[in-house]
Amino acid sequence: MEPAWRQAGKGRGRGRAGGGSGPPQPAVPRPARDSRTPAVGREGGSGRGRGAAYAAVTTSGAVQESHLNEKQSSQNKFEEIRKANQAAAQKFTDVQYSSSSEEDEEEEIHGKQGKILTSTFTTYTDQTGGDVTELERTRQYLSDAFQSGAITCLICIASVKRNQPVWSCSGCYCIFHMPCIQKWAKDSIFLVSSVTDEDFGKKDHPWPCPKCRYEYKQSQTPNRYNCYCGKVEDPPLDPWLLPHSCGQVCDRDFKPSCGHRCLLLCHPGPCPPCPKMVTVTCFCKKAKAVPRRCSAKAWSCQQSCGRVLPCGQHACASPCHAGDCQPCPRVSKQRCLCGKNIAERLCASPVWQCEKVCGRTLPCGNHTCEMVCHPGLCGECPRAGNRACPCGKSKYSLPCTEDVPTCGDTCEKVMECGLHKCSMRCHRGPCETCRQEVEKQCRCGKYSKLMPCHKEYLCESKCPKTKNCQRHQCKRKCCSGNCPPCDQSCGRTMGCRNHKCPSVCHRGSCYPCPETVDVKCNCSTTCIKVPCGRERTTKPPKCKELCRNPPTCHHSSRERHRCHFGACPPCRQPCQRVLKKCGHVCPAPCHDEVMVKQTDKHQLAGPWEQPSEPAFVQTALPCPRCKVPIPRACLGEHEVTPLPCHAVGPFSCKRPCGRLLSCGNHTCMRECHVVSQLSDTQDKHKAGKECQQCEEGCSEPRPPGCSHPCVLPCHTGACPPCTQMIRVKCHCKIMSLFIECLKITTADKNTKTILSSCKNQCPKQLPCGHRCKETCHPGDCEESCNQKVKLKCPCKRIKKEVPCFKARETQISVECDEACKDVKKRAAKLKEAEERAASEEEKRKQQVRNTVSS
């Protein structure tokens, strides 16, 4: 079988086989008809007779019918495609140009966020009476947690998502990805250890927060994902809670500590001030204690402090204040330590020196005190007593007026080099520089040389090692191996990709860029600050200002909508153009710029060619037909209906005519039609000549209870009495009775009871088990049964007949008499004798068995 695209080109009718189910084929020029090809629809031909002509006519009719069906099918398909195209165009327009749905979604999201924020603050506002002035800082943290892209990890410069594990710094409350902060801590500890530790990695070095540099111990490196308050590990993602929150009460201690705990639900950022009410007095304890908010419990009564100042002479005159009093601000005349000078000085600093040498004569009487102004005695002369020579080997006891002589021995003090001793004789003053020649190694240890001991030997070789930054070479002359830290600028591009690192050259990742960038809306009125590097991925803020773009349709101004990027949404204002045919104003939405699907008539070359995507073109459409309602009465004047202006004309309301026919009982049931009136005085509710004639039967209401129709046709006056026989069941539901309809419908309640009775005994059974004695009756049977029953005494000797209802009510009982008691006694004695005889018989048998066995 050949493919469909080959079959479509063969023959004249192949393309429409199957009743036109496939798409219509385009007209293709056909070659001239060959003599061997039969001509469909030709009325006659050479060598053909009447049968051929009849067949040709039949075939022509079938072809015409096929064309008619194909045309109808094509019309239906055209309507379906047109509706689909309109729906696609409307959907494309709504998605591309309509912002109302986005605004609705945003409002819904904001409403949901508002509910979550309100539930988070409920426990706090219950304590403050609804006051939320202290929650602004916390509210900002919570709002950033909801806003997409507001929280950025400063290590990887990426957004923190709701489902990613995070860690929050306890110093600055900045949020980081858990893997990022773990890598940061590990790298920081490694860098510090590699530079400072001789025993690498054995000391517990702290690591800093990337933002605030708050230091943490190595044991505080985060290894578990906890909620903000730290109660729940791996908190589940809940759309009705804050991201990364457990939803429980925070319960963290307030900072500064006051003994109370945070009342908010688990939240990011710092806890708000304590909302509890406490009773406290002022700083000076003079005022009466008053209730105040715990976060602001420190207060001043503004009275004078009155506490004695450290000077011991004056009282504090400052208003009631916290902490220690200020130094005394008064001035007084005070003597110096030596007592020679008097000066005006602050009362708070009474001790002072006059900066003069004491000059008083020492006890030796030969020298004076050389100390600066001091209190108390000057002390002994420093030259009195035993004194040593300059080298310290010999000691002398001389007066303070004589100098100690040199001893003449070798000095032998250790010189500044710390290796050799002074070889000079005992002398006053410092020893000379060491001049002994020694073999010295250079600082890097590569070379050695004989040179004076006091000189340092440095070679000219440059250090080839890399500095602690692992980027630059040391190049210091004669380096000892402990290379100095690199002092060059880092200069690497930071994670923001906008700036270079300004820090000194270092190892590892650069610190986050400290700069912030403004992300603005289209009109630059609203802007938000984001970390540098996030401006390319941050969504512009929602501006509340109105769009300032000029209109592009025939209206003088655009609809009021907010500032936005891209093209404005299509104008939805009423068109308001005057229609030419009727003069009404067009109420349809503006249609100057409507997206219409462009029809592509390109014929595909084959199945290998893919159809192109539908293209939409912005086109101005004409005004739709006028739909202004015009009141018009129907043909039968039953109602006045507002019709669209373009469809005004005679119409039928499709209701029955309703005019009264000549019989006076029925109305015309024809669909609303024109009724001609012969005169103006004729009643409009009476039927006209165009109305139908009455052909119904009698429609008078039947008597109550009668369901039979009247035997007469439609008539006036009363209907004859109904003589139909009705079959009814008797009260006991056993027999069927036939009664005239008139009798039973006109009878009262008692008569109906008599008519419905079969006059036989009631077959129902009473609760006692006897049959009802009454004739067929309605309702339940009477419970008082009068049938005679027999009662017996307990020994069943005496019998008595009583009515059944009395026996059931236990009103009568039969008791045993004296004869019954005698009979019972005789029976008891007889039974006892029988038992005694049986016992004796058993004993006799036992004795016989014992005798036989022995």
Side-chain angles (χ1 to χ4, degrees), residues 155 183-211 213 215-218 391 410-424 427-515:
I155 300 175
K183 186 177 184 299
W184 175 273
K186 181 180 179 181
D187 293 347
S188 300
I189 295 171
F190 174 79
L191 291 177
V192 176
S193 300
S194 62
V195 173
T196 59
D197 280 1
E198 294 179 359
D199 298 331
F200 178 73
K202 293 186 178 180
K203 292 185 179 180
D204 188 7
H205 291 286
W207 55 274
C209 168
K211 183 178 181 182
R213 304 297 190 271
E215 289 189 348
Y216 294 89
K217 295 181 181 180
Q218 189 170 350
C391 68
T410 305
C411 177
E412 291 188 353
K413 288 183 181 178
V414 179
M415 292 188 288
E416 292 181 356
C417 66
L419 301 174
H420 305 103
K421 295 181 178 180
C422 179
S423 60
M424 296 177 63
H427 59 88
R428 291 182 176 88
C431 299
E432 293 183 349
T433 308
C434 183
R435 298 184 182 277
Q436 292 189 30
E437 284 194 355
V438 294
E439 185 176 358
K440 282 195 169 185
Q441 278 193 340
C442 63
R443 189 164 55 189
C444 64
K446 291 184 179 180
Y447 306 98
S448 60
K449 183 179 179 181
L450 287 172
M451 57 187 311
C453 182
H454 70 278
K455 291 185 178 180
E456 184 181 7
Y457 175 41
L458 299 176
C459 66
E460 296 296 324
S461 61
K462 294 183 178 180
C463 179
K465 293 184 179 180
T466 305
K467 292 186 179 181
N468 59 346
C469 66
Q470 299 294 322
R471 293 177 60 196
H472 301 107
Q473 199 173 4
C474 178
K475 294 185 179 180
R476 188 174 67 154
K477 288 185 178 180
C478 195
C479 181
S480 62
N482 187 15
C483 301
C486 184
D487 56 355
Q488 298 186 36
S489 178
C490 176
R492 289 184 290 181
T493 303
M494 291 189 288
C496 65
R497 300 183 182 179
N498 295 330
H499 303 97
K500 295 186 179 296
C501 181
S503 305
V504 178
C505 190
H506 57 86
R507 293 177 64 183
S509 303
C510 298
Y511 280 100
C513 180
E515 302 292 331

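Bear in mind the structure is a predicted one, so any value in this text is a computation, not a measurement. Any value given below was found using the heavy atoms of this structure, including those in side chains, with hydrogens, waters and symmetry copies removed.
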Greater than 12 external heavy atoms within 6.0 Å of E412's CD: yes
Salt bridge (Lys or Arg N to Asp or Glu O under 4.0 Å) partners for E432, two or more places apart: none
For K477, side-chain hydrogen bond (donor to acceptor under 3.5 Å, both in side chains) partners two or more places apart: E460
P430 vs E416 side-chain heavy atoms within contact, under 4.5 Å: no
Distance in Å, M494 CE paired with C513 SG, rounded so as to fall on 0.5 Å steps: 3.5 Å
Passing candidate, side-chain contact (heavy atoms from CB on, under 4.5 Å) with C442, options C479, C478, S461: C478
Which pairs of donor and acceptor atoms, one on a side chain in residues 451-459, lie under 3.5 Å apart (sequence neighbours left out)?
unit_1: H454; atom_1: ND1; unit_2: C434; atom_2: O; d: 2.9

Interatomic spacing from NZ in K462 to CZ in R476 - rounded to 0.5 Å: 13.5 Å
pair C496-E515: side-chain heavy atoms closer than 4.5 Å: no
Non-hydrogen atoms of D487 and V504 that approach each other most closely: CA-CG1, 3.9 Å
Rounded distance [0.5 Å steps], SG in C417 versus CE in M415: 5.0 Å
Side chain proximity check, T466 to Q473, heavy atoms < 4.5 angstrom: no
Stepwise side chain to side chain contact (heavy atoms under 4.5 Å, CB included) check, H420 with V438: CA-CA 11 Å; H420 305 103; V438 294; 3.9 Å; yes
Taking every non-hydrogen atom, the tightest pair across K413 and C391: CE-CA, 3.9 Å
Check: R213 side chain, P210 main-chain N or O, donor-acceptor pair, under 3.5 Å: yes
Heavy atoms of other groups near R492 CZ, more than 12 under 6.0 Å: yes
Considering all heavy atoms, the nearest C411-H427 contact: SG-NE2, 3.8 Å
Nearest heavy-atom neighbours spanning C501 and S489: O-OG, 4.0 Å
Set of residues satisfying side-chain hydrogen bond (donor to acceptor under 3.5 Å, both in side chains) with respect to K186, sequence neighbours excluded: none
Pairwise side-chain contact, C444 with C463, heavy-atom cut-off 4.5 Å (strictly under): no
Test log, rule side chain to side chain contact (heavy atoms under 4.5 Å, CB included), inputs T410 and K421: CA-CA 10 Å; T410 305; K421 295 181 178 180; over 6 Å; no
side-chain hydrogen bond (donor to acceptor under 3.5 Å, both in side chains) against S448, all qualifying residues, sequence neighbours excluded: E439
Y447 atom OH: more than 12 heavy-atom contacts under 6.0 Å: no
By side-chain hydrogen bond (donor to acceptor under 3.5 Å, both in side chains) - contacts of Q488 (at least two apart): H472
K440, NZ atom: more than 12 neighbouring heavy atoms under 6.0 Å: yes
Polar side-chain atom of W207 near backbone of K217 as donor-acceptor pair, under 3.5 Å: yes
Heavy-atom pair with the smallest gap, counting every atom of R471 and C505: NH1-SG, 3.7 Å
